[in-house]
There are 2 protein chains.
Amino acid sequence: MAGATLRDVARRAGVSIRTVSNVVNASVPVSEELRTRVEAALEELDYRPNLVARNLRRGRTGMLALVVPELDVPYFAELAREVITAARAHGYVVMLDQTDGDGERERELLGRGSRATMFDGLLLSPLAISADELRTRANRVPVVLLGEHIFNGDFHHVAIDNVAAAREATEHLVAMGCRRIAAIGDQPYSTGETAQLRTVGYRQALEQAGLPVDDSLIVSTPRFHRRLGAQAMRRLLALPEPPDAVFCYNDLLALGAMRELTKAGVRVPEDIAVVGVDGIQEGEYSSPTLTTIAPDKAHIARTAVGTLVSVIEGTAPPPADSRAPYRLVVRDSSRRA
Amino acid sequence: MAGATLRDVARRAGVSIRTVSNVVNASVPVSEELRTRVEAALEELDYRPNLVARNLRRGRTGMLALVVPELDVPYFAELAREVITAARAHGYVVMLDQTDGDGERERELLGRGSRATMFDGLLLSPLAISADELRTRANRVPVVLLGEHIFNGDFHHVAIDNVAAAREATEHLVAMGCRRIAAIGDQPYSTGETAQLRTVGYRQALEQAGLPVDDSLIVSTPRFHRRLGAQAMRRLLALPEPPDAVFCYNDLLALGAMRELTKAGVRVPEDIAVVGVDGIQEGEYSSPTLTTIAPDKAHIARTAVGTLVSVIEGTAPPPADSRAPYRLVVRDSSRRA
DNA sequence: CCCAGGTATTGCATCGTTGCAAAAGGCGAC
DNA sequence: GTCGCCTTTTGCAACGATGCAATACCTGGG
């Protein structure tokens, strides 16, 4: 059961431990004869290097941690997939954890008893943690932030231009002839600012189009879940003058809203057009299919992992915001004559 | 940058390394005076234990690996969430990897150069790997299988009763008055047998209801994705005598099929009723909402992690199949007058 | 036949921590 | 005053691997 060590193999092959190590790592030339003998012994004992020991010696683990609020949120699942793939390309594996949007959990990650020493770098999609906290706590592990911005200049950060993306989504609705466009997902009280940036973009688009900004059309939601999208939509439908379009700050909100509309017998997009953000696969198959701002998740993952690896290797430039590309994908939920 | 070690703290507090270790681990009583001094030093140097070293010494890493085919498949994402939660309850963290259903990738996991020595146990949702391979390769790491069965008696295994579940789903359609019930998702050629078991249950239900089994109504799909569900549905619609219901082997297939039906102007459930398997959140908000067989994912995760932990600790009973509970959740996609 | 120079092989120390068992210290009992 | 016991503290070795530098070996040239 207990695995064979270099020593066991060395004894069996009648060579030194060091020689076995040399064969295993192929770093130093080894004579044909010994190599054969050692390889036979390796085979017979089914040797596997103990990576914990190797990591201790080398001072690196080859593991990255990816921390997201909720893994069952499709955006994060799809992003995680890309991150794992990107990490593999760099020779890293990924430890995955979720915080449930709990600030306590995020702090744990960086605190005293954490497993932070077990991975070489951290990809964090923060929700509740603040800039100061992160700065004072994350002095050990290289960090790259995903999505939420938190604070200027202190950390590497990868995300789309939220203002521009939101503006573009709203402009699209304007171009489709919508005049009373609601927004679902603002978070004026939150520590994170992604939602607030999207509100800025939404307002910009309305103003540029010469449309009035009606605050009763902006519905806040504490999280970005389907249920909350449905709930928000219900409120909008109850207004004396309901909207003719909704820009949702993510696809789950949009899908929840669409469900509510369908249930209420409101036609999408004829009566109310819907746009989301995230470009999750679910939106390709919903009824109707969902128009969305789709960030290039593979790009985000590659950039974030690449940056993190260069931070680990000490070859990274100073922290900077990286703007990831996105596309407006127009589908049925907003396609009007 | 480089973290302080026990030695640094010891030097600073003027005590032995061992005493610092005792304070940190609180395992052995330490006098009030020294404890205070050591704790001050720990604080000043912001000491964090090097977990790699600790793991080497203790021979355990506190990490479990969860390997699934695809993380962006909602079922696996939702399951992963539960697994991470269950693992945390046992003091473990989770390394997550995906195989893309690639047998090669699965083999790598267990092979020579793998990171298998970095985690204490493996939760594997296999797709392509065979029983023999697993048996000869997984002699090192404790393994618990999720979903796919692979082989009797060699490995701990957690899954629902696929025959019964499929039978129940089909019976439900029969009870709703459907008489020409199709099945999407058979995999007669696959190494895995989940799909085949579901086909068995489907046939049993039809036979018990006295309905003919029409092989042209059983559509195979190599994977369980939305696109393939849509494709399969297209084929069924093209039949001279299309079905009046479809049992899909998972929710993604069902959602793909429903999309195709909506596009074709076929009403669900009036013209064709649809049932899926997996109980993913997406089905609660699709239009129409999706009837599904919902395995208790939290139960699966808890059982699997609990079993794995007991295998690791050497207190596990011999390998056995564990049947996880599931529920038939009836929603609009199959609700007929 | 010996030596230089290169290659192949090895021993030792080390990564940071913990298990074990011995040493040191304190205190009451005889 | 001394012994023995209990508590606190410590030193040493070990987990399994690799970096470094020294040794052993080998070949060809003088």
Side-chain angles (χ1 to χ4, degrees), chain A residues 1-39 41-42 45-63 112-120 140, chain B residues 1-39 41-42 45-63 112-120 140:
Chain A
M1 190 66 185
T5 71
L6 283 184
R7 181 155 76 217
D8 303 329
V9 178
R11 197 135 44 194
R12 174 139 194 153
V15 298
S16 77
I17 293 179
R18 199 57 248 237
T19 298
V20 180
S21 171
N22 288 338
V23 171
V24 170
N25 290 300
S27 47
V28 176
V30 176
S31 71
E32 197 52 34
E33 188 204 338
L34 284 198
R35 148 167 297 118
T36 316
R37 228 160 71 208
V38 169
E39 277 170 352
L42 286 171
L45 297 176
D46 191 21
Y47 170 80
R48 318 275 176 106
N50 180 325
L51 295 182
V52 177
R54 175 179 289 174
N55 292 340
L56 173 60
R57 188 62 243 243
R58 291 192 178 162
R60 297 201 11 213
T61 63
M63 295 206 319
R112 180 62 54 74
S114 88
R115 310 221 177 225
T117 55
M118 266 176 60
F119 36 79
D120 299 333
R140 283 284 200 286
Chain B
M1 191 66 185
T5 71
L6 283 184
R7 183 156 72 214
D8 302 328
V9 178
R11 198 138 38 195
R12 174 138 194 152
V15 299
S16 76
I17 292 180
R18 196 58 246 234
T19 299
V20 180
S21 171
N22 287 338
V23 171
V24 170
N25 291 298
S27 47
V28 176
V30 176
S31 71
E32 197 51 34
E33 188 205 336
L34 283 198
R35 148 167 299 118
T36 316
R37 229 160 71 210
V38 169
E39 277 170 353
L42 286 171
L45 297 176
D46 192 21
Y47 170 81
R48 318 276 178 105
N50 180 323
L51 295 182
V52 177
R54 176 179 288 176
N55 292 339
L56 172 60
R57 187 59 243 239
R58 292 192 178 161
R60 298 201 10 214
T61 63
M63 295 205 322
R112 180 61 53 77
S114 88
R115 307 218 178 229
T117 54
M118 265 175 59
F119 37 76
D120 300 331
R140 282 283 200 287

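The sequence lines fix the lettering, A, B, ..., with proteins before strands; numbering per chain opens at 1.
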| said: Between C1' on C/dT17 and CG on B/Leu42, what's the gap in Å once rounded to a whole number? | reply: 14 Å

| task | Rounded off to whole Å, could you give me the CZ-to-P distance for the B/Arg60 and C/dG19 pair? | result | 12 Å

| said: Just N and O in the side chain of A/Thr19: are any of them under 4.0 Å from OP1 or OP2 of C/dT10? | reply: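 A/Thr19 to C/dT10 OP1/OP2: side-chain N or O found under 4.0 Å.
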
| B/Thr61 side chain to B/Asn55 side chain, donor-acceptor N/O pair below 3.5 angstrom | no

Please tell me if the side chains of [X] and [Y] come closer than 4.5 Å, counting only heavy atoms from C-beta onward.
X: A/Arg54; Y: A/Leu56; answer: no
X: B/Val52; Y: A/Thr117; answer: no
X: B/Val20; Y: B/Tyr47; answer: no
X: B/Val15; Y: B/Val38; answer: yes

| request: Please list, chain by chain and in numerical order, all residues satisfying salt bridge (Lys or Arg N to Asp or Glu O under 4.0 Å) with B/Glu33, sequence neighbours excluded. | output: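 Partners of B/Glu33 by the salt bridge (Lys or Arg N to Asp or Glu O under 4.0 Å) criterion, ordered by chain and then number, come out as B/Arg37.
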
Enumerate all atom pairs, one protein N or O and one N or O from nucleotides 26-28 of chain C, separated by less than 3.5 Å.
none

| field | Per-nucleotide protein contact string for nucleotides 13-18 of chain D, where B marks a base within reach and S marks sugar-phosphate only (heavy atoms under 4.0 Å, - for neither) | value | BBBBBB

| note | Scanning both residues in full, the closest heavy-atom pair of B/Leu6 with B/Ser21 reads CD1-CB, 3.9 Å

| query | Considering all heavy atoms of both residues, which atom of B/Leu51 and which atom of A/Met118 are nearest to each other, and what is their separation? | reply | CB-CG, 3.5 Å

| query | Looking at DNA chain D, which of residues 31-38 of chain A put a heavy atom within less than 4.0 Å of it? | reply |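 Residues of residues 31-38 of chain A that come under 4.0 Å of DNA chain D do not exist, since none gets that close.
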
| field | Test side-chain contact (heavy atoms from CB on, under 4.5 Å) applied to B/Thr36 - qualifying residues, sequence neighbours left out | value |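 Listed in chain order: B/Glu32.
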
Does the [X] side chain pair with the main chain of [Y], one donor and one acceptor, at a distance under 3.5 Å?
X: A/Arg12; Y: A/Ala41; value: no
X: B/Asp120; Y: B/Arg60; value: no
X: A/Ser16; Y: A/Ala10; value: no
X: B/Asn25; Y: B/Asn22; value: no

| query | In degrees rounded to 10°, what angle is found between the helical axes fit to the five outermost pairs at each end of the helix from C/dC1-D/dG30 to C/dC30-D/dG1? | reply |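 Taking five pairs per end, the axes differ by 70°.
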
